[in-house]
Amino acid sequence: MSNPGQAAPDPRRWRALVVCLVAGFMTLLDVSIVNVALPSMQRGLGASSAELSWVVSGYALTFGLVLVSSGRLGDDRGRKKMFLIALALFTITSAVAGLSVDPTMLVVARLLQGAAGGMMNPQIIGVIQQLFSGRERGRAFGLFGAVIGISTAVGPLSGGLLLQWAGEAEGWRWVFYVNVPIGIVALLLGLWWLPTDEARTGERRPLDLVGALLLGGAVVALMLPLVLSEQNFSGAPWWLVGVAVLLGLLFVAWERRAKRTHGHPLVNFGLLRTRSYAMGTALGLLYFAGFTSIFFVLTLFLQQGRQFTPLEAGLALTPFAVGSAVSSAIGGRLISRLGKPLIVGGLVTVVVGLVVTDIVLRLDPSSVGWAIALPLLVAGVGGGLVIAPNQTLALEEVPAREGGTAAGVLQTGQRIGSAIGISAVGAVFFSSLAGSRGDWSRSISSGLVITVGLVVLALLVGIADLIAGRVTRRRQAPEEAPRTADEPTAEAPGSAQEAEPTPETAPRHAAWAPDDGSAPDRGPAVVGRVVRSEDGEPVPGSVLTLVDETGHQAARTEGDPDGSFRLVPPGPGTYQLVARAQGRAPDVGRVAVSAHTSAYDVVLGPAAQDHAVRTMS
């Protein structure tokens with residue numbers, strides 16, 4: 001078992017998380033930190049408006065381009081290896097960007113820097129999936145969510161501080177130089193603290209280069225007109241959206257063919273049949289569409305409409321960052337107990353904060369920075385309860401082996417959402433500004449209406465997911481027969497391995513009530529897949545049994561043809577998970593079951609191989 005079979009949690013997991021968070025902060029900070037430095041770049045390099053647009057948009061474009069394929073590479077070739085390569089590339093390209101002598105050199109450096117950031121982020125989530133489980137995973141994702149919120153919100157503040165310190169003429173270079181010493185330290189610590197990549201047994205999965213090219217082309221064709229529309233909405237090549245749809249259809253067809261021919265597509269579409277993952281991905285796309293567009297229009301309004309300096313504009317947005325940082329850490333601890341209601345509550349709080357911000361801006365107060373501080377703080381608190389908890393629940397039923405790829409798809413959706421949001425909000429904002437002949441208060445209000453609308457759509461997805469989960473549980477609850485004293489038990493782990501399943505003791509996993517983010521009536525669940533040790537292929541017809549500490553059977557099921565299973569024990573605790581299948585050596589591992597769904601891969605070797613009983617302290 002990839003997770004429960006470990007002798008003990010990796011003692012370096014929290015130090016490894018620190019390295020991941022530092023690296024993730026750098027890559028996400030560079031999305032927004034350059035915005036306040038654009039005037040300085042234009043004066044220093046003589047860059048045109050189109051070239052400045054590519055400095056900002058090119059980073060987001062290549063970042064989203066490589067997320068899925070690099071996540072797959074990390075899953076198959078080693079996450080530590082991919083993380084260190086991406087971090088080294090990001091550090092080098094940051095130095096090259098700072099040394100740029102003309103706009104072309106800067107644009108190329110930013111494109112490569114974005115690709116390096118996109119290579120790195122799926123590895124971060126994959127490492128969290130690999131090293132943490134249960135409540136600890138929620139805490140880890142909570143910290144990562146805090147990093148996402150802080151990096152996005154403090155980007156303008158950080159850029160303003162660097163420009164004030166280094167001067168307007170050359171200060172923009174330090175926006176990139178600051179990554180170099182941090183990147184070097186993170187590289188050294190990563191070499192020491194990140195877990196060593198496990199050697200893969202059996203044949204490696206093919207990389208599916210055709211699928212990667214089709215998906216990459218679809219992402220570029222979709223995002224290119226979106227990012228170019230930030231400067232000129234009507235002049236963007238919107239016909240590329242049709243090309244994106246065509247390439248997307250070709251990608252789906254190719255992936256289905258790859259599944260039939262060699263069984264190793266780039267993206268496992270079976271993950272989208274898991275409601276928690278599919279709904280979490282949709283919610284993340286819509287929320288990021290509203291979330292990132294907030295800073296886009298507010299920064300323009302404050303600097304151009306109210307003549308704030310870059311530093312003052314950054315300080316005005318700081319309350320959102322503070323609220324997001326605090327609530328993200330808290331949300332990571334609460335998600336295992338509250339589940340999806342926490343996310344819905346967070347979205348409601350974001351909507352309330354943004355609506356109040358809009359009302360305040362409509363009143364056009366003289367001290368606008370102080371006036372919007374409290375509502376932005378409220379919106380930030382709500383945002384912190386959305387990003388990390390949604391990421392935790394979206395990935396909780398994804399097996400660790402596919403964590404990087406699943407994270408890549410999830411983050412690609414977030415990048416596309418950000419591009420859509422900025423494009424839509426920017427179009428409305430600039431159109432209103434032109435139509436009102438420079439009425440900034442009216443224009444910012446128009447932009448915020450679109451932002452609030454996108455967050456409301458995310459809220460509706462969250463509510464629908466919550467209701468669907470509860471309805472499904474209620475419908476399937478009668479199918480679960482109550483356990484009685486006469487039900488067969490396992491006197492010992494060994495006997496549990498050998499007992500034959502019966503219809504009463506081996507219900508199909510589809511009969512178990514799926515989790516909606518809160519603790520189900522019958523208690524927590526253990527989900528995952530049973531795969532072969534040689535190549536990771538699913539093992540059909542497996543039998544899985546949970547045995548409690550007294551040696552009694554707590555739950556039992558038969559795996560599905562695709563290797564997936566679901567076990568629902570009577571409550572949290574420590575159990576032995578016994579897995580066996582025809583032609584495979586049985587395996588026993590000790591699992592600590594929390595009050596929330598846990599995902600595990602169970603790896604079975606050939607029957608001829610020796611096996612050992614492994615425990616987890």
Side-chain angles (χ1 to χ4, degrees), residues 28-29 31-33 35-36 145-161 287-331 343 345-388 418 421-422 425-426 428-429 440-456 458-459:
L28 296 170
L29 182 71
V31 175
S32 59
I33 192 174
N35 289 332
V36 297
V147 165
I148 294 175
I150 293 173
S151 61
T152 304
V154 304
L157 174 60
S158 303
L161 288 170
Y287 178 71
F288 268 75
F291 165 65
T292 51
S293 60
I294 298 170
F295 307 104
F296 176 70
V297 292
L298 281 178
T299 300
L300 287 173
F301 169 75
L302 293 172
Q303 288 191 249
Q304 298 182 21
R306 292 293 178 265
Q307 285 73 52
F308 277 36
T309 66
L311 179 58
E312 289 171 338
L315 286 170
L317 299 176
T318 300
F320 190 103
V322 172
S324 179
V326 173
S327 62
S328 290
I330 296 173
I343 299 173
L347 287 167
V348 171
T349 306
V350 174
V351 170
V352 171
L354 292 181
V355 168
V356 175
T357 301
D358 184 24
I359 293 173
V360 170
L361 291 174
R362 284 176 185 268
L363 298 176
D364 196 16
S366 56
S367 301
V368 65
W370 287 106
I372 62 175
L374 182 58
L376 282 181
L377 176 66
V378 172
V381 169
L385 300 178
V386 175
I387 297 176
S418 296
I422 291 175
V425 174
V428 172
F429 177 80
W440 287 91
S441 295
R442 175 181 168 184
S443 300
I444 185 64
S445 179
S446 300
L448 283 177
V449 166
I450 304 301
T451 294
V452 171
L454 292 168
V455 178
V456 168
L459 173 61

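Since this is a predicted model, take the numbers as computed values, not measurements. Throughout, numbering of the chain's residues begins at 1 and tracks the sequence.
- In this structure, the side chain of Ser324 does not engage the main chain of Phe320 through any donor-acceptor pair within 3.5 Å.
- In this structure, Thr451 and Ser293 approach most closely via the heavy-atom pair OG1-OG, 3.2 Å.
- In this structure, Leu361 CG and Leu354 CG are separated by 10.5 Å, a value rounded to the nearest 0.5 Å.
- Nearest approach of Ser158 to Leu29, heavy atoms of both residues: OG-CD1, 4.2 Å.
- Using bins of under 30°, 30° to 60° and over 60° for the plane-to-plane angle, the ring pair Phe291/Tyr287 lands in the parallel bin.
- Taking CD1 of Ile330 as the start and CG of Leu385 as the end, the distance is 7.5 Å to the nearest 0.5 Å.
- Between Ala316 and Gly369, the shortest heavy-atom contact is CB-CA, 4.4 Å.
- Considering all non-hydrogen atoms of both residues, Ala371 and Pro365 come closest at CB-CG, 3.6 Å.
- The salt bridge (charged side-chain N to carboxylate O under 4.0 Å, His left out) analysis of residues 349-359, with sequence neighbours excluded, yields the pairs Asp358-Arg362.
- Contacts classified as salt bridge (charged side-chain N to carboxylate O under 4.0 Å, His left out) and involving residues 295-319 (residues at least two apart or in different chains) are given here: Arg306-Asp364.
- Annotation for Ala373 and Pro319: closest pair O-CB, 3.4 Å, computed over non-hydrogen atoms.
- How far CG of Leu377 is from OG1 of Thr357: 10.0 Å, rounded to the nearest 0.5 Å.
- For the side chain to side chain contact (heavy atoms under 4.5 Å, CB included) test with Val455, the passing option among Val350, Val355, Val386, Val348 is Val350; the others fail.
- Nearest heavy-atom pair across Val356 and Pro375 is CG1-CB, 3.8 Å.
- Here the CD1 atom belonging to Ile294 is positioned 8.0 Å from the CG atom belonging to Leu376, to the nearest 0.5 angstrom.
- The OG atom of Ser445 sits 10.5 Å away from the CD1 atom of Ile450 when rounded to the nearest 0.5 Å.
- With rounding to the nearest 0.5 angstrom, the CG atom of Leu161 is 7.0 Å from the CG atom of Leu315.
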